[in-house]
Amino acid sequence: MTNQHQRSPGEAGTNGHSGPASTLSRRTVLQMAGSAASLAAMSHAEAQSISETQSTVADAGAARPLQLTVNGVSRELEVDPRQSLLDVLRETLDLTGTKKGCNQGACGACTILVNGRRIVSCLTLASMHDGAEIETIEGLEKNGELHPLQQAFVEHEGLQCGFCTPGQIMSGLGCIAEGHAGSPEEIRFWMSGNICRCGAYPGIVAAVADAAGRS
Amino acid sequence: MFPFVLEKAGSAEAAIAAAAAGARYIAGGTTLVDLMRDEVERPERLVDINALPLSDIRADGEDLVIGALARMSDVATHPEVGRLQPIIAESLIEGASPQLRNMASMGGNLLQRCRCPYFRMLDAACNKRDPGSGCAAIDGLNAGNAILGTSDHCVATHPSDVAVALVALGATMRVRGSDGERSFAVEDLFRLPGDTPHLEHTLTPGELILDIRVPGGPYGRRARYLKVRDRASYEFALVSAAVALDVEEGLIRSSRIAVGGVGTKPWRLRACETALAGKPADRSSFEAAARLATEGVRPLSHNHYKAELLPRTIVRALEMAGDVA
């Protein structure tokens with residue numbers, strides 16, 4: 001089984017950067033290298049097969065218009081129906097603060113708020129969210145000031161490697177807003193959708209409790 | 001993920017017509033998107049039903065009526081659910097994670113597909129995914145698989161928690177298809193695997209779940225859901241029990257018991273219920289009744305422990321419900 005059908009356009013490594021080489025970020029360079037490598041690895045027969053598959057499903061996979069308000073900014077997009085909300089954020093909008101961990105809804109690294117509710121963005125199709133209000137980790141800092149929950153994560157060392165942190169913080173916002181941050185036990189239960197492989201849970205629980213107490 | 005056409009249904013009639021023509025319904029998408037990405041599911045056409053007005057949660061006399069599109073989290077926090085059937089909220093909160101409960105619909109919860117690891121493993125035999133290919137779980141890693149209702153073709157458990165509580169309480173569901181509406185017991189939604197494990201439910205092509213009705217009854221707060229699992233939260237059940245007791249002057253007038261994590265569908269234990277009738281609400285009655293739960297179990301190489309854990313879970317849940325621990 002090849003993975004030719006799994007690759008949605010947003011995952012092909014496209015990005016919005018077109019500046020001079022000296023301003024390329026590490027991420028952009030990695031993306032470009034990945035695209036080149038995947039193209040080079042694709043045989044002529046595979047490329048042919050992809051174009052045939054796409055031509056026989058003319059309607060399926062056709063780009064669809066999508067309007068999202070992301071961190072207060074309205075965005076008009078064209079997305080493949082197969083793209084998850086996570087992939088649209090990361091690959092189309094280049095908002096890479098939201099992380100792709102398991103891509104199966106099991107780790108919580110991709111947690112964002114959609115219309116004020118925390119969800120895992122990997123398990124939902126972007127094109128089902130036309131008109132939605134979305135908040136990601138990038139939207140929390142205001143005028144150079146960290147959000148109180150971000151600040152609490154710093155103060156309580158609620159992280160080690162940091163990969164799960166954006167998801168932890170967005171989930172923590174949901175946990176506090178839902179009124180489930182009343183005790184460490186309650187926080188542990190209501191934050192259980194977010195896995196931390198470093199085991200920074202004591203700091204995470206303390207940060208959520210602290211921010212809940214301040215809000 | 002294979003390409004598909006996604007359309008949005010503006011009415012139940014339009015959704016049903018599309019589904020009758022082969023489209024798959026999508027609501028929360030938490031199971032379907034995952035399985036499509038793994039290419040276990042390959043629908044060519046999806047109908048987004050989220051715009052349909054099927055999210056209401058309300059009391060109808062002593063009955064509780066839950067719309068099929070109501071989200072798990074909204075049902076769990078609804079005041080009428082807490083007032084009439086707190087066990088429904090309890091069982092919902094024990095399932096999935098807060099994020100997934102914000103996404104997943106009640107109808108989708110009932111129709112979610114199994115979590116047997118071989119179902120998702122494209123190079124493993126699985127009669128649910130690929131009828132006739134065999135069952136890799138029977139001689140494989142089967143610690144999480146079923147011991148009741150299994151066949152030589154499939155041993156996958158049904159993963160839902162709330163379905164266990166709904167089956168215990170005798171809930172019914174209303175569905176609409178091209179030929180009109182019908183209602184039936186939630187328990188009858190699920191098929192035993194037999195030699196057709198790929199056929200999991202009794203809906204006809206295109207039938208849409210409208211709502212779920214939990215009948216009022218004498219149980220109320222004397223109904224509890226206990227879930228035993230490998231970690232304290234966000235994990236599927238090894239064994240779970242939804243139990244309800246109606247006790248008067250220390251004697252059990254009636255009871256309801258259904259279990260999860262052990263059956264190929266949510267498993268009602270009528271023999272245990274009968275055994276409790278008229279007995280004192282104490283531990284010895286609970287233990288005697290719970291012993292009947294393991295009649296007919298067929299443990300696999302790695303899940304003998306479930307035959308021991310099942311009666312113990314029932315006893316503890318009954319103690320919680322009777323508050324006699």
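Naming: A, B, ... by sequence-line order, numbering from 1 per chain. Predicted, not measured: the structure shown is a model, and the values here were computed from it.
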(message) Within the 4.5 Å heavy-atom criterion, are Met191(A) and Tyr234(B) side-chain neighbours or not?
(response) no
(request) Could you pull out the closest heavy-atom pair between Gly193(A) and Ser97(B), with the gap in Å? (result) CA-CB, 3.5 Å
(request) Tell me, please, which residues at least two apart from Glu157(A) pass salt bridge (Lys or Arg N to Asp or Glu O under 4.0 Å). (result) none
(message) With salt bridge (Lys or Arg N to Asp or Glu O under 4.0 Å) as the rule and sequence neighbours excluded, what pairs involving residues 164-175 of chain A come up?
(response) none
(request) Would you give the length of the straight line joining atom CD of Gln99(B) to atom CD1 of Ile119(A), rounded to the nearest 0.5 angstrom? (result) 9.5 Å
(request) Report the option among Asp34(B), Ile26(B), Asn102(B) that has the most heavy-atom pairs separated by less than 4.5 Å from atoms of chain A. (result) Asn102(B)
(message) Is there a side-chain contact between Leu125(A) and Leu46(B) in this structure, where contact means two heavy atoms from C-beta onward sitting under 4.5 Å apart?
(response) yes
(message) Using heavy-atom distances under 4.5 Å, tell me whether Leu6(B) contacts chain A through its side chain, its backbone, both, or neither.
(response) both
(message) With a 4.5 angstrom heavy-atom cut-off, is it the side chain or the backbone of Arg231(B) that approaches chain A, or both, or neither?
(response) side chain
(request) Give, for atom CZ of Arg64(A) and atom NZ of Lys8(B), the distance between the pair rounded to the nearest 0.5 Å. (result) 9.0 Å
(request) Tell me, for Ile93(B) versus chain A, whether the close heavy atoms (under 4.5 Å) come from the side chain, the backbone, both or neither. (result) both
(request) Identify the residues of residues 167-184 of chain A whose heavy atoms come closer than 4.5 Å to a heavy atom of chain B, ordered by number, or report 'none'. (result) Ser171(A), Glu178(A)
(request) Return yes when atom CZ of Arg197(A) has more than 12 non-hydrogen atoms of other residues, nucleotides or ligands closer than 6.0 Å, and no otherwise. (result) no
(message) Heavy-atom cut-off 4.5 Å, strictly under: side chain, backbone, both or neither for Asn50(B) against chain A?
(response) side chain
(request) Against chain B, label Ile195(A) side chain, backbone, both or neither, depending on which of its atoms sit under 4.5 Å from a heavy atom there. (result) side chain
(request) Could you tell me whether Glu44(B) atom CD has more than 12 heavy atoms of other residues or ligands within 6.0 Å of it? (result) no
(message) Run Thr31(B) and Leu123(A) through side chain to side chain contact (heavy atoms under 4.5 Å, CB included) and show every step you take.
(response) CA-CA 8 Å; Thr31(B) 296; Leu123(A) 282 192; over 6 Å; no
(message) Which atoms of Ala27(B) are under 4.5 Å from chain A, going by heavy atoms: the side chain, the backbone, both sets, or neither?
(response) backbone
(request) Evaluate whether atom CZ of Arg113(B) has more than 12 neighbouring non-hydrogen atoms of other residues, nucleotides or ligands under 6.0 angstrom away. (result) yes
(message) How long is the straight-line distance from OG1 of Thr124(A) back to CG of Leu32(B), given to the nearest 0.5 Å?
(response) 11.0 Å
(message) If you compare all heavy atoms of Arg37(B) against all heavy atoms of Ser84(A), which two are closest, and at what distance to 0.1 Å?
(response) NH2-CB, 3.5 Å
(request) Search all heavy atoms of Val120(A) against all heavy atoms of Met103(B) and return the closest pair with its distance. (result) O-CE, 3.4 Å
(request) Please report the shortest heavy-atom distance between Arg82(A) and Phe2(B), naming the atom on each side. (result) CD-O, 3.7 Å
(request) Identify the residues of residues 69-78 of chain B whose heavy atoms come closer than 4.5 Å to a heavy atom of chain A, ordered by number, or report 'none'. (result) Arg71(B), Ser73(B), Asp74(B)
